[in-house]
Amino acid sequence: MYLGANRRGVELGPAAMMAAGIREKLVALGHEVVTSETIPVAEPDPTTSQNPQLCHLEPIVAANIALAERVRTHVKEGALAVTLGGDHSIALGSVSGAARARGSIGLIWVDAHGDFNCAETTPSGHIHGMILAALCGYGDARLVHLDGGGPYVDPRRVAVVGARDLDPGERRLLREAGVRVLSMAEIDRRGMDDVMREAIALASTETAGIHASFDLDAVDGHDAPGVGTPVPGGLTLREAHLAMEMLAASGKLTSYDLVEVNPLLDMRNQTAELAVELALSAAGKRIF
Ligand SMILES: [Mn+2]
């Protein structure tokens with residue numbers, strides 16, 4: 001999927017992570033891996049007029065409905081569901097699917113951005129910047145009520161980790177919704193260990209599991225150059241790993257995403273390789 005970012009290349013992210021050996025490395029870690037087929041994404045019809053505030057809404061909704069069904073099935077079977085993106089709009093499907101399977105989930109959104117715009121506040125019209133808001137019940141009804149249900153998460157059970165670039169509209173809406181924003185400044189001050197303890201506690205209170213949605217732009221561009229919307233001053237390699245290791249150790253993780261890897265912007269597949277290593281940490285890989 002690239003439609004949520006409205007920029008090509010990010011749809012090649014899953015292939016780059018497969019090429020970096022995600023499947024083989026998860027097997028080597030001791031997991032049995034069932035690889036689902038790629039979710040088809042329709043090409044937008046250039047003859048139909050677009051709402052510039054909600055670019056490519058219809059094909060994004062259709063693909064997410066299919067993804068939600070897939071994730072719901074896997075989580076219900078007791079599997080740890082790993083979704084590879086693609087731009088961050090795919091989290092609408094993965095998170096709603098996991099929520100459907102478990103009844104209620106907490107959400108940890110690791111991202112440089114808030115992804116908390118809606119059609120009224122978006123500076124770009126790109127739907128990947130609206131998905132967390134939609135999951136929390138804010139925005140266009142076709143996103144908020146993807147499969148007729150929704151909102152899929154309680155905003156008080158959501159933590160955004162690593163934020164450092166919030167638009168004025170989304171800053172206001174995040175506050176109003178009661179989402180816990182654990183910004184880079186907070187990580188600088190308290191350290192990742194303390195911040196992730198809080199995030200995990202918040203996301204696991206009164207829920208039946210945690211979904212983690214990891215946008216590679218959360219990591220500093222030095223280690224993750226292959227992303228579409230880089231912001232300076234991001235997570236170090238070790239901070240990113242520690243977050244994933246702590247999620248694995250919590251025993252609460254039901255599912256996670258790795259999104260926004262864009263091989264066309266990457267350097268020798270470095271960002272895809274980092275995404276794979278982070279996936280392994282979330283799946284229980286430890287240094288010692
Ligand atoms: Mn994002």
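Counting starts at 1 for both ligands and their atoms, in listed order. Heads up: numbering here begins at 1 and tracks the sequence.
- Note on Asp111: counted as a metal contact of the Mn ion (ligand 1), an N/O/S atom lying under 2.8 Å.
- Counting non-hydrogen atoms of other residues, nucleotides and ligands closer than 6.0 Å to CZ of Arg190 gives a total above 12.
- Counting non-hydrogen atoms of neighbouring residues, nucleotides and ligands closer than 6.0 angstrom, the CZ atom of Arg7 reaches no more than 12 such neighbours.
- Side-chain atoms of Asp87 come within 3.5 Å of backbone atoms of Gly4 as a donor-acceptor pair (strictly under, hydrogens ignored).
- Looking only at N/O/S atoms, His88 comes nearest to the Mn ion (ligand 1) through ND1.
- At least one N, O or S atom of Asp115 sits under 2.8 Å from the Mn ion (ligand 1).
- At a cut-off of 2.8 Å, His128 does not coordinate the Mn ion (ligand 1) through any N, O or S atom.
- Look at Asp215 and the Mn ion (ligand 1): an N/O/S atom of the residue is under 2.8 Å from the metal.
- Between Phe116 and Val179 the shortest side-chain heavy-atom distance falls below 4.5 Å.
- With hydrogens and angles disregarded, a donor-acceptor distance shorter than 3.5 Å links the side chain of Arg164 to the backbone of Gly162.
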